[in-house]
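Data block below; observations after.
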2 protein chains.
Amino acid sequence: MERKWECDNPLRRQAWSAAINATLRVLEGKWKIVIINELMAAKGRPLRFSELERLIPDVTQKMLIQQLKGLQQDDIIRRTVYPQVPPRVEYALTTLGHALGPAMTALIDWAELRHQHEVNGMDPRGVSDDGRVER
Amino acid sequence: MERKWECDNPLRRQAWSAAINATLRVLEGKWKIVIINELMAAKGRPLRFSELERLIPDVTQKMLIQQLKGLQQDDIIRRTVYPQVPPRVEYALTTLGHALGPAMTALIDWAELRHQHEVNGMDPRGVSDDGRVER
DNA sequence: CAGTATCCAGCTTGATACTG
DNA sequence: CAGTATCAAGCTGGATACTG
């Protein structure tokens, strides 16, 4: 169901903006989406730290840990330590993390739409007959 | 329709991550969501620069212009200049900008779900019987 | 009215080296 | 294996002053 944006209440709009921004803050960070994506593709099977390193070749150890910590603090992933030598640490999506699915598909859908606009060259800019300028 | 994340193709996963990240880059910036939100609430009526300033009290002129420029470059909003004295500049959502609606509602929905989790205290952490540690 | 121009503090990312 | 520590570069946001 499409939500209506015909909202004349400014406080309501503020609340929506704040909610969206809060979600974006959780997702932003160069590697967070990649991490979440790998965990989703794993279909519930937890991934070890070394597996994530292998699946995401370009990330540095420092960044991977940093982003994992962030996701953990926002309750998107769960970290489990098995007290062994050598150590074994697994990461898995929480319920909340798994619930990001619809939002992520919506973002992908928009990206695809955008790609089509680029190809077709929609919404052209230029100078109108009556002197208005779009730039 | 829920998209399946059971994607065994690593290149496909990479493409998805890249698409989502590209969308996030467009949306991120402290005031962009607020601006888009106000333009959506205006139901197609363009807003003047001064109107946006009034609707978003905490933003500085510099930031408002900067964020508007960014949105314009990503083809989310269209800027129209009316050659008058004093100058008159209007901003409106493009087709692509308007199409952000579903993605934004998905982000709001997740934010609401998250709020409920906070209230209910889901996915608790702690030490398991068998020695595993979640922290 | 609708911007520009400067300067500056803080955060994010990355390279690199080291460790229980 | 799974981290920590340190340093440095670049980007983001904000305060402030000025302008066609």
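Below, read A as the first sequence line, B as the second, and so on, with proteins coming before strands; counting in each chain starts at 1. Note that the structure is predicted; figures quoted are calculated from it, not measured.
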Using a 4.0 Å cut-off on heavy atoms, which residues in residues 54-66 of chain A reach DNA chain C? List them by number, or say none. T60(A), K62(A), M63(A), Q66(A)
Just to be sure I understand the geometry, which residues of residues 24-36 of chain A put a non-hydrogen atom under 4.0 Å away from DNA chain C? G29(A), K30(A), W31(A)
With sequence neighbours left out, what residues match E51(A) under side-chain hydrogen bond (donor to acceptor under 3.5 Å, both in side chains)?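 With sequence neighbours excluded, E51(A) shows a side-chain hydrogen bond (donor to acceptor under 3.5 Å, both in side chains) to R45(A), given in chain and number order.
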DNA chain D: 5'-most and 3'-most nucleotides touching chain A, 4.0 angstrom heavy-atom criterion: dC1(D) to dT6(D)
Compare all side-chain heavy atoms of [X] with those of [Y] and state whether any distance is below 4.5 angstrom.
X: V26(A); Y: R114(B); answer: yes
X: K43(A); Y: D8(B); answer: yes
X: W5(B); Y: T105(A); answer: yes
X: P87(B); Y: F49(B); answer: no

Which part of the nucleic acid, if any, lies within contact of E51(B), taking any heavy atom under 4.0 Å across all strands shown: a base, the sugar-phosphate backbone alone, or nothing?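 Nothing: the residue E51(B), judged by heavy atoms under 4.0 Å, touches no strand.
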NA contact type, Q67(A), heavy-atom cut-off 4.0 Å: base, sugar-phosphate, or nothing?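 Sugar-phosphate only.
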Should we count NE2 of H117(A) as having more than 12 external heavy atoms under 6.0 Å?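 Above 12, so yes.
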side-chain contact (heavy atoms from CB on, under 4.5 Å) between M40(B) and L93(B): does it pass, once the steps are laid out? CA-CA 7 Å; M40(B) 284 194 171; L93(B) 287 174; 3.4 Å; yes
Please round to the nearest 0.5 Å and tell me the distance separating atom [atom1] of [X] and atom [atom2] of [Y].
X: M63(B); Y: I35(B); atom1: CE; atom2: CD1; value: 8.5 Å
X: T95(A); Y: L100(A); atom1: OG1; atom2: CG; value: 11.5 Å
X: L24(A); Y: L24(B); atom1: CG; atom2: CG; value: 6.5 Å
X: L39(A); Y: I36(A); atom1: CG; atom2: CD1; value: 8.0 Å

Between W110(A) and G97(B), is there a donor-acceptor pair closer than 3.5 Å when you use the side chain of the first and the backbone of the second?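 No; zero donor-acceptor contacts below 3.5 Å.
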Taking Watson-Crick and G-U wobble contacts under 3.5 angstrom, with | marking pairs to another strand and [ ] crossing pairs, the secondary structure of DNA chain C is written ||||||||||||||||||||
Taken to the nearest whole Å, CD/E53(A) to P/dG14(C) is 15 Å
Applying side chain to side chain donor-acceptor pair (under 3.5 Å) as the test, list every pair that has at least one member in residues 28-40 of chain A; sequence neighbours left out. R25(A)-E28(A), N37(A)-S17(B), E38(A)-R13(B)
